[in-house]
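Heads up: the structure comes next, in structure tokens.
Proteins come first, then strands; the chains are lettered A, B, ... in the order of their sequence lines, and each starts at number 1.
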Amino acid sequence: MAVTTSQNAIPMDKLWQEPERAADDPALVIDVGGFEGPLDLLLHLARNQKVDLARISVLALAEQYLQFVESARRVRIELAADYLVMAAWLAYLKSKLLIPQQARGDDGPSGEEMAATLAFRLKRLEAMREAATRLVNRNRLGRDVFARGAPEHIPHRVQSAYDASLYDLLSAYANLRQRGAVTQVTIEKRKVWSLADARNLLTRMLGEIADWTALQHYLLPYLPPEDRITATASAFAASLELVREGKLEMRQDGAFQPIYLRKGQPLGTTKPVLQAVAGDVD
Amino acid sequence: MTPDEDNDQPMLEADEGETEPMSLIEVERIAEALVFASAEPVPEAFLSERLPRGTDVGAVMRRLMEAYAPRGVNLIRTGDRWAFRTAADLSFVIRKDENEAKKLSRAALEVLAIIAYHQPVTRAEIEEIRGVQTSKGTLDVLMEAGWVRFRGRRRTPGRPVTLGTTVEFLDHFGLEELRDLPGLDELKGAGLLSGRIPPGFAIPIPQNVDDLAEDEDPITQLDLEELGLLTPGGEADE
Amino acid sequence: MTPDEDNDQPMLEADEGETEPMSLIEVERIAEALVFASAEPVPEAFLSERLPRGTDVGAVMRRLMEAYAPRGVNLIRTGDRWAFRTAADLSFVIRKDENEAKKLSRAALEVLAIIAYHQPVTRAEIEEIRGVQTSKGTLDVLMEAGWVRFRGRRRTPGRPVTLGTTVEFLDHFGLEELRDLPGLDELKGAGLLSGRIPPGFAIPIPQNVDDLAEDEDPITQLDLEELGLLTPGGEADE
């Protein structure tokens, strides 16, 4: 992982021990492997701003993240698709923050609102981390606190003479079915974005695409040239599928214009629309 | 500490089979024996079945709890169950190296915390909070440890499975109930447990974590928000 | 919970590592916790090692024994080892005829799961899915547990008997309805199904327990007797 410099401010359980990450160093050594996804990386970058997450400069944060991705590309580190999608979103956010609010009509949340959403998500993730630390440092059974070592009975309100948990049942079933299926499996290494990959990413992004977002437009620059076509094709196909399911809406203002995506609106509010879908996704 | 056996305690109605009424002290001794003899927490219902009809089990247990409070072994309540456990402050003497509790990966711990604080929660919601897919086996580890379980399915399109914690989770982390999760109130107050609404966009709706039945209720406003079916942008009129 | 540390009990010489002397009460608490947590009776020598140097272990234990004498749990001495035991006069509460619940074999779990997901299902279909014959004992166990029942007969040649789950099955596994059983995505998400799933791999969504399928006839008592399915006993499970 990244260069370690700073010291632990908070005493942490050893479960949490891991190399400290420093990002304020311009010659940052990049290893995404140590991060639990793009949000984790963002949170780390945000912490380095040393302010309350509510008052964080999202613009600065977006820039740092984009720089990070940029330098990763320079040293030819392959970034997982998650990181690229986040980069695309942040690039979009950045453009929204930089360009003054125009008469955008029904364009939904402003850059500021999107920034607030991001800050909220970072804050929530951090809160969950802290909660996890507090939880794991409690007096735990079998470590700090002990049960009767020589129990004399097991209290059960037995309705059945047999015992099994739902977990037992499900894992038995899953193993069994897996056993039957495994013979037909061929493992292939893919260099393409499968439809499933794209769908997965898009679905996950749905939570973040509150408003019309030209995601692909922003995503493309972050893809290695050889991946662009496959990624675009799968993302487009997957988005059509999501539109059909009402989970996504698409809009394109004209041929060769960026394709805008947004989350499907709740039933009854608007009907899923598919506007001006052109075949040319560039 | 040592109660007199032939004291003048009030008598309880005897169970039908019994011929003599049982003294409170006797009732306490039985409850104590039942719980002490077990390594697992003993459900209060189990005690009720075995104590004379009409016994106020809660009161009996509270008295026992007080009696044991200063001792090296304490009576504790976890969920609706009672257990004897060594006193937490004696950890340093009894702690066994080979007995080190199962180590959890950072990811597993994070997922566990999210499930504990946000339950009932779907896998998609966990991913939304962490911003990353839960790797295969992370949930498996938590289920195998017996801390996490499938709770039910949410009555929303797709009927996603909801996850929650178990009584073993409470026992392992020394919690009497979910309400005792560290920092729960602050998190609730900060709106960090109620969907993805950014502060200032909407008033966070506090989630009643203890209401286990809520899980299977018809769709609520809360569910919709959690699922992202109501966009924060939708309430932009604030 | 924690006893008063600065009480006026006599002090013992502290262990070399300690800086403050330990009160007698503290020493008693430690001894009590050690014996409680131990899986086997604890030798006095072991206690001596763990207690501050100079402790009169025998005296400490005798005092504890006296304190516990009137309780539902007693501290007893066997040889030079110490252990807690349920008071002899209360052994009747502990010794229940209730035999401990038996764990289901893997074979039984598999068959049960197949019946749950694939019901109504015939024995031949179960065998097809598992790839091995199901011994009669396995089904017997599931019937005995009350989780599996004969549902009806399939309207196909041979009119094979169909199997399904019971209401007790739902109760035991905490399911509100069969449709609450996790589907493919959830099993994958929980890490229970791993690796690449071949196309066409499906997990059925079980129907309502009570409705007979279109090609199913209700089963009658006569059927059962005819089939000899009511005869007890069977071969050993695989």
Side-chain angles (χ1 to χ4, degrees), chain A residues 37 138-190 192 194-197 199-204 206 241-242 245 247, chain C residues 33-42 83-86 91 93-96 98-104 106-114 116-117 129-131 141-142 144-147 168 171-175 181-182 186-188 190-201 203:
Chain A
R138 286 181 66 83
N139 286 319
R140 291 165 63 186
L141 185 63
R143 187 186 68 173
D144 308 293
V145 155
F146 296 85
R148 175 82 188 270
E152 296 170 67
H153 78 139
I154 300 169
H156 269 303
R157 272 181 302 153
V158 258
Q159 284 112 356
S160 170
Y162 292 92
D163 192 24
S165 70
L166 183 58
Y167 176 75
D168 295 336
L169 184 72
L170 296 175
S171 49
Y173 183 66
N175 283 335
L176 169 75
R177 296 296 310 277
Q178 189 96 44
R179 245 178 11 240
V182 82
T183 47
Q184 306 144 28
V185 174
T186 49
I187 292 164
E188 48 184 276
K189 188 152 164 63
R190 262 194 321 255
V192 296
S194 70
L195 203 59
D197 287 341
R199 190 196 154 93
N200 203 347
L201 277 175
L202 284 170
T203 313
R204 212 123 38 80
L206 285 187
E241 199 181 315
L242 289 167
E245 291 167 21
K247 290 177 180 154
Chain C
L34 284 171
V35 174
F36 172 85
S38 169
E40 279 158 34
V42 180
F84 280 110
R85 288 278 179 273
T86 302
S91 57
V93 250
I94 300 302
R95 201 208 74 252
K96 294 159 285 100
E98 160 196 311
N99 35 5
E100 203 175 302
K102 281 170 274 187
K103 273 268 169 207
L104 275 191
R106 201 179 82 167
L109 275 172
E110 281 178 10
V111 171
L112 179 61
I114 293 171
Y117 272 99
I129 295 170
R130 291 186 65 217
V141 160
L142 295 175
E144 191 192 318
W147 294 336
E168 290 74 40
D171 278 353
H172 181 92
F173 290 96
L175 300 163
L181 282 170
E186 286 99 19
L187 291 177
K188 262 202 301 202
L192 293 173
L193 279 176
S194 57
R196 302 259 161 101
I197 310 276
F201 185 91
I203 289 203

Evaluate the criterion side chain to side chain contact (heavy atoms under 4.5 Å, CB included) for residue pair A:Asp163 and C:His172; output intermediate values, then yes/no.
CA-CA 9 Å; A:Asp163 192 24; C:His172 181 92; 4.2 Å; yes
Could you walk me through whether A:Tyr173 and C:Leu181 pass the side chain to side chain contact (heavy atoms under 4.5 Å, CB included) test, one step at a time?
CA-CA 11 Å; A:Tyr173 183 66; C:Leu181 282 170; over 6 Å; no
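Counting only heavy atoms from C-beta outward, the side chains of C:Glu186 and A:Leu170 never approach each other to under 4.5 Å. You'll find the side chain of C:Tyr117 stays beyond 4.5 Å of the side chain of A:Arg177, heavy atoms only.
The closest donor-acceptor contact from the side chain of C:Glu110 to the backbone of A:Leu176 lies at 3.5 Å or more, if one exists at all.
In terms of heavy atoms, A:Ala150 sits closest to C:Ala39 at CB-O, 3.5 Å. Minimum heavy-atom separation, A:Ser171 to C:Leu192: CB-CD2, 3.7 Å. Nearest approach of C:Ala37 to A:Phe146, heavy atoms of both residues: CB-CB, 3.7 Å. Between A:Leu169 and C:Leu109, the shortest heavy-atom distance links the atoms CD1-O, 3.7 Å.
Between atom CZ of residue A:Arg179 and atom CZ of residue C:Arg130 there is a gap of 7.5 Å, rounded to the nearest 0.5 Å. The structure places CG of C:Leu142 at 9.0 Å from OH of A:Tyr162, a figure rounded to the nearest 0.5 Å. Note that CG of A:Asn175 is 7.0 Å distant from CZ of C:Arg106, once rounded to the nearest 0.5 Å.
Residue contact with chain C, scored on non-hydrogen atoms closer than 4.5 Å, involves the backbone of A:Ser165 exclusively. Both the backbone and the side chain of A:Ala164 have a heavy atom closer than 4.5 Å to some heavy atom of chain C.
Between chain A and the residues C:Thr86, C:Leu112, C:Leu187, the largest count of heavy-atom pairs under 4.5 Å involves C:Thr86.
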